[in-house]
Amino acid sequence: MDGKNRKDIYPGLEVEIILKKDQRSGKLTRGIVANLLTSAAYHSRGIKVRLEDGQIGRVAAITEDN
């Protein structure tokens, strides 16, 4: 599942994000969502989130299967 719809993402969910510095390389960072920073219901490049470790990026993939 991609991370473009806000309704699919919630605190505590394990996701892979693309950090701003990694946008060119496409390197993914895995972590647990702490906060959702995008208020829109949909974003074409992915919903922006803050991970529990403080890193901020756009959700590229949801790794948890629920």
Side-chain angles (χ1 to χ4, degrees):
M1 192 178 326
D2 64 9
K4 295 181 180 183
N5 292 305
R6 193 174 196 276
K7 65 178 175 56
D8 297 333
I9 302 167
Y10 52 88
L13 184 68
E14 185 177 355
V15 297
E16 290 184 327
I17 65 168
I18 299 178
L19 301 172
K20 183 77 169 177
K21 67 177 184 162
D22 295 330
Q23 283 180 343
R24 286 184 183 262
S25 68
K27 178 180 173 253
L28 298 176
T29 303
R30 187 176 289 222
I32 307 294
V33 175
N35 311 77
L36 280 74
L37 303 177
T38 300
S39 59
Y42 174 85
H43 194 285
S44 60
R45 291 188 305 267
I47 300 298
K48 190 178 279 189
V49 297
R50 177 180 290 117
L51 300 180
E52 288 181 344
D53 64 4
Q55 297 183 92
I56 295 174
R58 295 197 180 272
V59 177
I62 297 172
T63 56
E64 259 182 18
D65 292 326
N66 290 339

- prompt: Can you name the nearest heavy-atom pair linking Thr29 to Gln55, along with the distance?
  reply: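 Nearest heavy atoms, Thr29 then Gln55: CG2-NE2, 3.6 Å.
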message: Which heavy atom of Arg6 sits nearest to which heavy atom of Ala40, and what is that distance?
response: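 For Arg6 versus Ala40, the nearest heavy atoms are CD-O, 3.2 Å.
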Flag, side chain of Asn5 to backbone of Lys7, donor-acceptor distance under 3.5 Å: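 No; judged by distance alone, with no hydrogens or angles, the pair does not exist.
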query: How would you list, by chain and number, every residue that makes a side chain to side chain contact (heavy atoms under 4.5 Å, CB included) with Lys4, sequence neighbours excluded?
result: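 For Lys4, the residues satisfying side chain to side chain contact (heavy atoms under 4.5 Å, CB included) (neighbours in sequence not counted) are Asp2, Tyr42.
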Hey, any chance [X] and [Y] share a hydrophobic cluster, counting ILVMFWY side chains that come within less than 4.5 Å of each other, even indirectly?
X: Ile62; Y: Ile18; result: no
X: Tyr10; Y: Val15; result: yes
X: Val49; Y: Leu28; result: no

message: Is there a side chain to side chain contact (heavy atoms under 4.5 Å, CB included) between Leu19 and Ile17? Walk through the geometry before answering.
response: CA-CA 6 Å; Leu19 301 172; Ile17 65 168; 3.6 Å; yes
- prompt: Can you find a heavy atom in the side chain of Ile32 that is under 4.5 Å from one in the side chain of Pro11?
  reply: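 They are not in side-chain contact.
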field: Straight-line distance of Arg50 CZ to Asn35 CG, nearest 0.5 Å
entry: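 Going from CZ on Arg50 over to CG on Asn35, the span is 5.0 Å.
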field: Interatomic distance, His43 atom NE2 to Leu37 atom CG [nearest 0.5 angstrom]
entry: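 It is 11.5 Å, given to the nearest 0.5 Å.
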